[in-house]
Amino acid sequence: MSGRKLTIGLFGFGVVGEGIYNVLQQASSLQATIKKICIKHPGKKRAADPNLFTTDAEALLNDPGINLIVELIDDADDAFIIVSTALRNGKDVVSANKKMIAEHLPDLLALQAEHGTSLLYEASVCGSIPIIRNLEEYYDNDLLDSITGIVNGSTNFILTKMAEDGLAYKDALLQAQQLGFAESNPTLDVDGYDALNKLTILLAHTYGVAARPTSLLFKGISQLHPTDATYAATRGYKIKLAAQVRRMGRGQVAAQVLPQFVKPDSQLFGVRNEYNGVIIESHLADQQFLYGKGAGRYPTSSAVLSDIAALRYQYKYEYRKLHSPEKYSVTQDYYLNVYVSFNNWSEVSKWDFESIDEFHSTQERQYLAGTIHVEKLMRADWFQSPAVSLIVMPDGLVRKDAIALKSIKKISLQLGGIFE
Ligand code: HSE
């Protein structure tokens with residue numbers, strides 16, 4: 001089987017769009033050619049044949065000679081219109097738009113089923129790492145206990161530069177932007193939305209749950225305080241933004257994106273700069289680890305290229321776990337061991353914690369280490385406050401049945417009467 005010829009309509013000629021154009025020029029064995037490129041701003045100088053460019057989306061979407069749309073634009077709403085029209089028009093689609101996919105997964109599933117078309121999006125999660133196809137093809141639910149990963153290259157780059165080179169947060173972010181890792185709106189990276197969108201996609205391919213991204217537990221790195229870095233350094237930890245999906249019992253999974261302290265014995269400890277890494281855990285295989293560049297022109301292009309190659313052989317995600325009779329849903333009925341730092345006690349509610357095991361106060365900052373129920377955390381006003389930093393302790397996710405709740409009264413002495 002030599003595969004079908006692909007004639008591509010490309011949307012977007014930014015960091016990744018230009019990358020895929022360059023790569024396809026050299027990958028003649030793929031038998032995939034770009035017929036037209038749709039761009040938003042015609043005035044810009046671009047390093048490609050000017051005859052390829054148009055601003056008319058319909059010219060690509062309605063061209064019967066184009067059998068594959070590669071969508072690499074920034075705007076998630078426009079991307080959804082392009083992708084859904086293409087699928088309706090009988091064209092297969094490759095997309096890297098994690099926000100669009102995470103927000104519209106049920107619609108995109110329905111469109112593929114109705115029109116017999118295929119949408120592939122390996123580049124949307126962890127850049128060059130082949131995580132989606134692996135989860136889809138290899139790991140049935142009973143082979144999977146959890147996945148924990150660094151899925152955002154920009155925040156990992158920023159945290160690495162701050163911890164290793166002493167760079168200020170703003171300067172590290174600027175570098176991530178200049179290197180083409182960050183989103184055009186970097187709030188999506190630093191406030192955790194990008195990782196959250198990726199988590200949502202992973203959730204569908206691990207346990208077949210199509211969740212609304214903002215219904216999940218998340219917090220980014222923009223509120224981290226220098227005191228947090230000192231706390232980490234004195235204990236030999238690193239701070240990482242970790243996305244996690246963990247089976248919690250029959251039919252239930254925990255799903256969260258939160259800053260996390262990582263110990264040297266974790267595979268995530270050595271994941272630096274724009275690299276991503278995903279630990280896959282199962283009771284049979286124990287731990288497996290996937291590692292690679294998670295952002296940047298060519299790492300992302302490599303995943304797009306792999307999807308294009310797969311479509312020559314009409315590959316489709318089967319979404320077996322979504323269609324499986326064994327249904328999972330997201331639970332908030334579990335506990336987290338967390339470190340929380342803040343400026344003064346009026347910024348957090350100590351009564352939200354099941355127990356507080358450590359407390360420290362300086363003129364500059366206060367912090368505590370304690371255990372909190374996730375439902376309570378998600379309802380707490382202080383949780384999303386930019387003044388409050390929350391970091392999960394190593395192995396800090398605790399099942400409801402595993403926790404020995406401690407009496408909060410015990411600690412009033414340690415806290416020097418602060419609970420009175
Ligand atoms: N802004 C994203 C990141 C790009 O930093 O991971 C790749 O999805």
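Computed from a predicted structure; not experimentally measured.
- To the nearest 0.5 Å, atom CD of residue E364 and atom OG1 of residue T227 are 4.0 Å apart.
- A salt bridge links K400 with D333; the closest basic N to acidic carboxylate O contact falls under 4.0 Å.
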List, one per line, each side-chain donor-acceptor pair under 3.5 Å for residues 287-297, sequence neighbours excluded.
unit_1: Q287; atom_1: NE2; unit_2: E281; atom_2: OE2; d: 3.4
unit_1: Q288; atom_1: OE1; unit_2: Y139; atom_2: OH; d: 2.8
unit_1: R297; atom_1: NE; unit_2: V15; atom_2: O; d: 2.7

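- Scanning both residues, T117 and G90, for their nearest heavy atoms gives CG2-C, 3.4 Å.
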Report all side-chain donor-acceptor pairs from residues 37-47 shorter than 3.5 Å, counting only partners two or more places apart or in another chain.
unit_1: R46; atom_1: NH1; unit_2: H41; atom_2: O; d: 2.9
unit_1: R46; atom_1: NH2; unit_2: H41; atom_2: O; d: 3.0

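- Side-chain contact check for N156 and R272: no donor-acceptor pair (N or O, by modelled atom type) lies under 3.5 Å.
- For the pair S389 and I391, the minimum side-chain heavy-atom distance is below 4.5 Å.
- For D165 (side chain) and K161 (main-chain N/O), no donor-acceptor pair under 3.5 Å exists by modelled atom type.
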> Between R320 and D140, is a side chain to side chain contact (heavy atoms under 4.5 Å, CB included) present by the stated rule, with each step listed?
Replying inline: CA-CA 9 Å; R320 280 198 311 262; D140 272 334; 3.8 Å; yes
>> For L216 and L203: C-alpha separation, side-chain torsions, deciding distance, then whether side chain to side chain contact (heavy atoms under 4.5 Å, CB included) applies.
In response: CA-CA 11 Å; L216 304 174; L203 193 53; 4.2 Å; yes
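- Between the side chain of K219 and the backbone N or O of S385, at least one donor-acceptor pair lies under 3.5 Å.
- R88 is listed as a side-chain neighbour of L111, based on a closest heavy-atom distance under 4.5 Å.
- Shown here for V16 and S301, the closest heavy-atom pair between the two residues is O-OG, 3.8 Å.
- Once rounded to the nearest 0.5 Å, the distance linking CD1 of I66 with CG of L6 reads 12.0 Å.
- Nearest approach of Q177 to P186, heavy atoms of both residues: NE2-CG, 3.4 Å.
- To the nearest 0.5 Å, atom CE of residue M162 and atom CG of residue D171 are 10.0 Å apart.
- The distance from atom CD1 of I150 to atom CZ of F157, rounded to the nearest 0.5 Å, is 14.5 Å.
- A donor-acceptor pair shorter than 3.5 Å can be found between the side chains of E358 and Y231.
- The two atoms that bring S215 and M378 nearest to each other are O-CE, 3.5 Å, heavy atoms only.
- In this structure, F13 and Y21 have perpendicular ring planes: the angle between them is above 60°, well past the 30° mark.
- K238 places no side-chain N or O within 3.5 Å of a backbone atom of L268 that could act as its donor or acceptor partner.
- The closest side-chain heavy-atom distance from P259 to L241 is below 4.5 Å.
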> Are Y319 and Q112 close enough, and set up right, to give a side chain to side chain contact (heavy atoms under 4.5 Å, CB included), and what steps lead you there?
Replying inline: CA-CA 11 Å; Y319 297 102; Q112 290 177 80; 3.4 Å; yes
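- Between L336 and L390, every side-chain heavy-atom pair lies at or beyond the 4.5 Å cut-off.
- With T148 as the partner, the side-chain hydrogen bond (donor to acceptor under 3.5 Å, both in side chains) test is satisfied by one option alone out of Q256, K240, Q244: Q244.
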> For N344 and S346, what are the C-alpha separation, side-chain angles and deciding distance, and is it a side chain to side chain donor-acceptor pair (under 3.5 Å)?
Replying inline: CA-CA 6 Å; N344 60 64; S346 65; 2.3 Å; yes
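- No hydrogens or angles considered: a donor-acceptor pair under 3.5 Å links the side chains of T371 and N337.
- The neighbour count for D381 CG, taken as heavy atoms of other residues, nucleotides or ligands under 6.0 Å away, does not exceed 12.
- The neighbour count for Y193 OH, taken as heavy atoms of other residues, nucleotides or ligands under 6.0 Å away, does not exceed 12.
- Distance CG/N67 to NZ/K35: 10.0 Å, rounded to 0.5 Å.
- Atom NZ of K327 is surrounded by more than 12 heavy atoms from other residues, nucleotides or ligands within 6.0 Å.
- Between W382 and F353, the ring planes lie parallel to each other; the angle is under 30°, not in the 30° to 60° tilted range.
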> Do V94 and I20 pass the side chain to side chain contact (heavy atoms under 4.5 Å, CB included) test, and can you show the C-alpha distance, the side-chain angles, and the key distance before you say yes or no?
Replying inline: CA-CA 12 Å; V94 173; I20 206 70; over 6 Å; no
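- Y334 places none of its side-chain heavy atoms less than 4.5 Å from the side chain of R246.
- Counting only heavy atoms from C-beta outward, the side chains of Q332 and L217 never approach each other to under 4.5 Å.
- Two residues are said to be in side-chain contact when any heavy atoms from C-beta on lie closer than 4.5 Å; L30 and L305 meet this criterion.
- Distance check: H115 NE2 to N89 CG gives 8.5 Å after rounding to the nearest 0.5 Å.
- Ring geometry for Y335 against H373 counts as perpendicular: the plane angle is over 60°, on a 0 to 90° scale with 30° as the lower cut.
- No more than 12 heavy atoms of other residues, nucleotides or ligands lie within 6.0 Å of CG in D395, so this atom counts as exposed by the packing criterion.
- K36 pairs in a side-chain contact (heavy atoms from CB on, under 4.5 Å) with only one of the listed residues (T54, D63, T7), which is T54.
- With hydrogens and angles ignored, the 3.5 Å screen pairs no side-chain donor or acceptor of E326 with any backbone N or O of K321.
- Remark: side-chain polar atoms of N197 are not paired, donor with acceptor, to backbone N or O of P213 under 3.5 angstrom.
- Side-chain atoms of D191 and S222 include a donor-acceptor pair closer than 3.5 Å.
- Between the side chain of S266 and the backbone N or O of K263 there is no donor-acceptor pair closer than 3.5 Å.
- For the residue pair D189 and A182, the shortest heavy atom distance occurs at OD2-CA, 3.3 Å.
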> How far apart are the C-alpha atoms of T187 and N185, what are their side-chain angles, what is the distance that settles it, and do they pass the side chain to side chain donor-acceptor pair (under 3.5 Å) test?
Replying inline: CA-CA 5 Å; T187 305; N185 172 8; 3.0 Å; yes
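- Looking at every heavy atom in both residues, T155 comes nearest to V190 through CG2-CA, 3.9 Å.
- Stacking of R235 on the aromatic ring of Y339 is not recorded, the 6.0 Å distance cut-off and the 45° axial limit not both being met.
- Taking 4.5 Å as the limit, some side-chain heavy atom of I239 sits within range of a side-chain heavy atom of F261.
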> Would Y317 and H205 count as a ring pair (Phe, Tyr, Trp, His ring centres under 6.0 Å) if you check the C-alpha gap in whole Å, the side-chain angles of each, and the deciding distance to 0.1 Å?
Replying inline: CA-CA 9 Å; Y317 300 139; H205 291 276; 5.2 Å; yes
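- If you run side-chain hydrogen bond (donor to acceptor under 3.5 Å, both in side chains) between K98 and each of D194, N152, T200, only D194 comes through.
- Look at D92 and K316 and you find no salt bridge, because none of the NZ, NE, NH1 or NH2 atoms lies under 4.0 Å from a carboxylate O.
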